[in-house]
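First comes the structure, then the notes that go with it.
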Protein chains: 2
Amino acid sequence: MTDQSHLTLQRTRNPWGQGEKLRTEILVASARLLSELGGEEALTIRGVARAVGIAPASIYQHFADKAALVVGLLEYDYQRLAEEMHIARDSLPVPDAVGRLRAQMRAYCRFAIENPGHYRLMLNNRQAAPKPDGAERGPLAEIANLVVLAFEACGAAGHRLRVPASKAAIMVFVGAHGRVALWHSSPDETDAQDIVPFVDELISLVFADSVD
Amino acid sequence: MTDQSHLTLQRTRNPWGQGEKLRTEILVASARLLSELGGEEALTIRGVARAVGIAPASIYQHFADKAALVVGLLEYDYQRLAEEMHIARDSLPVPDAVGRLRAQMRAYCRFAIENPGHYRLMLNNRQAAPKPDGAERGPLAEIANLVVLAFEACGAAGHRLRVPASKAAIMVFVGAHGRVALWHSSPDETDAQDIVPFVDELISLVFADSVD
DNA sequence: TAAGTTACCAAACATACGTTCACCAATGAC
DNA sequence: GTCATTGGTGAACGTATGTTTGGTAACTTA
C-alpha cells in the first residue's frame, strides 16, 4: 500500500461527471422532504433515497452517515439564511440604518415562516451545526451578531435606544424566535401574517425616539 | 349483550385496589424519564415499562396507546405549570400588581428551566394538549391569558404601558419563551441564570413608568 | 365454593430505521 | 482492448419501536 499519489498528478474523480451533482440533488430532495413533511423525523435515509429515485445504499456514496447528511443540510440552510439577511442589509431601497435593521429581521422571519422544517432543524441541531469559518461561536450566534451590528449602526446614526445595543438585539432576536416558534407549534391558532408586524413593533419598542 | 349496568349499581373496578395507583405511577415514571433523558424520543412504551418495573403490555391496561400516555403527561404538566403560576399570583409577599406579574413570569421561566424535557413536550404537542375545561383555546393560550390579566391589573393599578396590555403580555410571554428555547437548544452557550433577569428587563421595557 | 372480572405477563407480530455487503455497470487512462 | 476506479444496486443484518394475543394469577361477588 505505497502512496503513489505523487506520480499520477491528476486523478480521476468523476468518471460520470455527475458526482457533485447527485450530492446536491440529494441535499435538495432532503430539503424538499423537510419542507413538505415538516418534522426532523421525516428526514430518513430511505425517504430521501425514494425522493431522489435511487437506492438507500447509494446515499452512502456521498455522505458518510445520516449525521453527515444533516450537517450538509445545516450548512446549506445557514448559508441561505445568512445570504437573505445580508441581501436585506445591503439592499438599496432602504439606505437608513433602522430600515436595514427592519429588513434584516423581516428576512429572518420570512425564512422561518416559509421554511418551518428547516428552521426547526437548525435550532434543534445547533451543536452539530458547522462553524462558519473557524469561528468560535456557531452560525446562529453569528447571525445574532449581525443584528447587534445593525443596532449599533442605528445608534451611530443618532437613534437612541432604551437599552444597550447588544441587549436590544437579543430582545428583538429572541422575541422574533419566540413568536415564530409559537406559530410553528400551533399554526392554526394564530396568523403568520401577524409575525412581521409584531417584530416591527418590538423593534419600535426598544427605541426611545420614534422610528416608524 | 343487554346493558345491565342499572341493576348492579356498584361495579367492582379495582379488585386489587391499586388500579389508579399504578396509572399515576406510570405517569410519574414517564415524567422522570422525560426529565432525565430530555428529548421526547426518550419516551418509549418499553422504557416506561422498564422504569416502572412491569411488562410493556401492561401499559395498555391503563392507556389506550402511546398518544393517550402523552396526553396524560400533558394534562399533568399543564396543571403543574398553571398551579405554580397561580400560586405565584396569589402569594402574599408580593401584594402589588407588578410584583405579581414578575413572580408569575419568574415561575414560568423556572418551570421551563427545571423541566426542559416537559417544556419541550408541551410545546411540541400543543395540538394534542387537552383543553382545560371545555374551553375553546388550549392550555398554553390559557396561561398566556393569565399574563394578559396580570398586565391589565398593572394598568388598573395606575401603571402606564407603552403598548396595550394584550400586546405587552404577548411580547413578554413570547420573549420568555424564545429566550428559554434558545437556552434549551444550546445550554452551554449561555447561562440559565441570565434568563430570569432578562425577562425582568423585558417587563420593565414595556412599562412607561419606572417599575423596579 | 364457583363464577366473573381485573391486572399482569411472556412471546410474538408488524413495521421502520440506519447500515453493510457482494456484485454489476459505466467510464477514463493506458 | 484492458483495467482500475467509481456510482449504483438488491438483499440482507441488526436494532428499536408500538401493539396484539393467549394465558395465568388475584381478587370480589354471589
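Residue numbering restarts at 1 for every chain, and letters A, B, ... go by the order of the sequence lines.
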Nearest-Å distance for atom pair [atom1]/[atom2], residues [X] and [N]:
{"X": "R46(B)", "N": "dT19(D)", "atom1": "CZ", "atom2": "P", "answer": "11 Å"}
{"X": "F63(B)", "N": "dG18(D)", "atom1": "CZ", "atom2": "P", "answer": "14 Å"}
{"X": "L22(A)", "N": "dA26(C)", "atom1": "CG", "atom2": "C1'", "answer": "15 Å"}
{"X": "D65(B)", "N": "dT19(D)", "atom1": "CG", "atom2": "P", "answer": "5 Å"}
{"X": "E40(A)", "N": "dG18(C)", "atom1": "CD", "atom2": "P", "answer": "11 Å"}

Candidate pair E40(A) and N125(A), rule side chain to side chain contact (heavy atoms under 4.5 Å, CB included), full reasoning: CA-CA 10 Å; E40(A) 182 179 355; N125(A) 297 64; 3.3 Å; yes
K66(A) atom NZ: more than 12 heavy-atom contacts under 6.0 Å: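 Correct, the count exceeds 12.
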Greater than 12 external heavy atoms within 6.0 Å of R50(B)'s CZ: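 No, because the 6.0 Å sphere around CZ of R50(B) holds 12 heavy atoms or fewer from other groups.
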Which residue lies more 5' along DNA chain C, comparing E41(A) with A64(A) via nearest heavy atoms: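 Of the two residues, E41(A) wins.
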Exam field: side chain S204(B) to backbone D200(B), donor-acceptor pair closer than 3.5 Å: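 Yes; at least one donor-acceptor contact below 3.5 Å.
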Listed once per pair and sorted, the ring pair (Phe, Tyr, Trp, His ring centres under 6.0 Å) pairs that draw on residues 126-148 of chain B, sequence neighbours left out: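 Matches after skipping sequence neighbours: none remain.
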Close approaches to DNA chain C from residues 48-60 of chain A, in residue order (heavy atom, under 4.0 Å):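 Those residues are A57(A), Y60(A).
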Residue-phosphate contact under 4.0 Å: Q61(A) side-chain N/O, dG8(D) OP1/OP2: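 False: Q61(A) side-chain N/O out of range (4.0 Å or more) of dG8(D) OP1/OP2.
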Residue I45(A), side-chain atoms from C-beta onward, closest of dG18(C), dG7(D), dA7(C):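 So the side chain of I45(A) is nearest to dG18(C).
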For F173(A) against M105(A), the heavy-atom pair lying closest together: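 Minimum heavy-atom contact is CA-CE, 4.2 Å.
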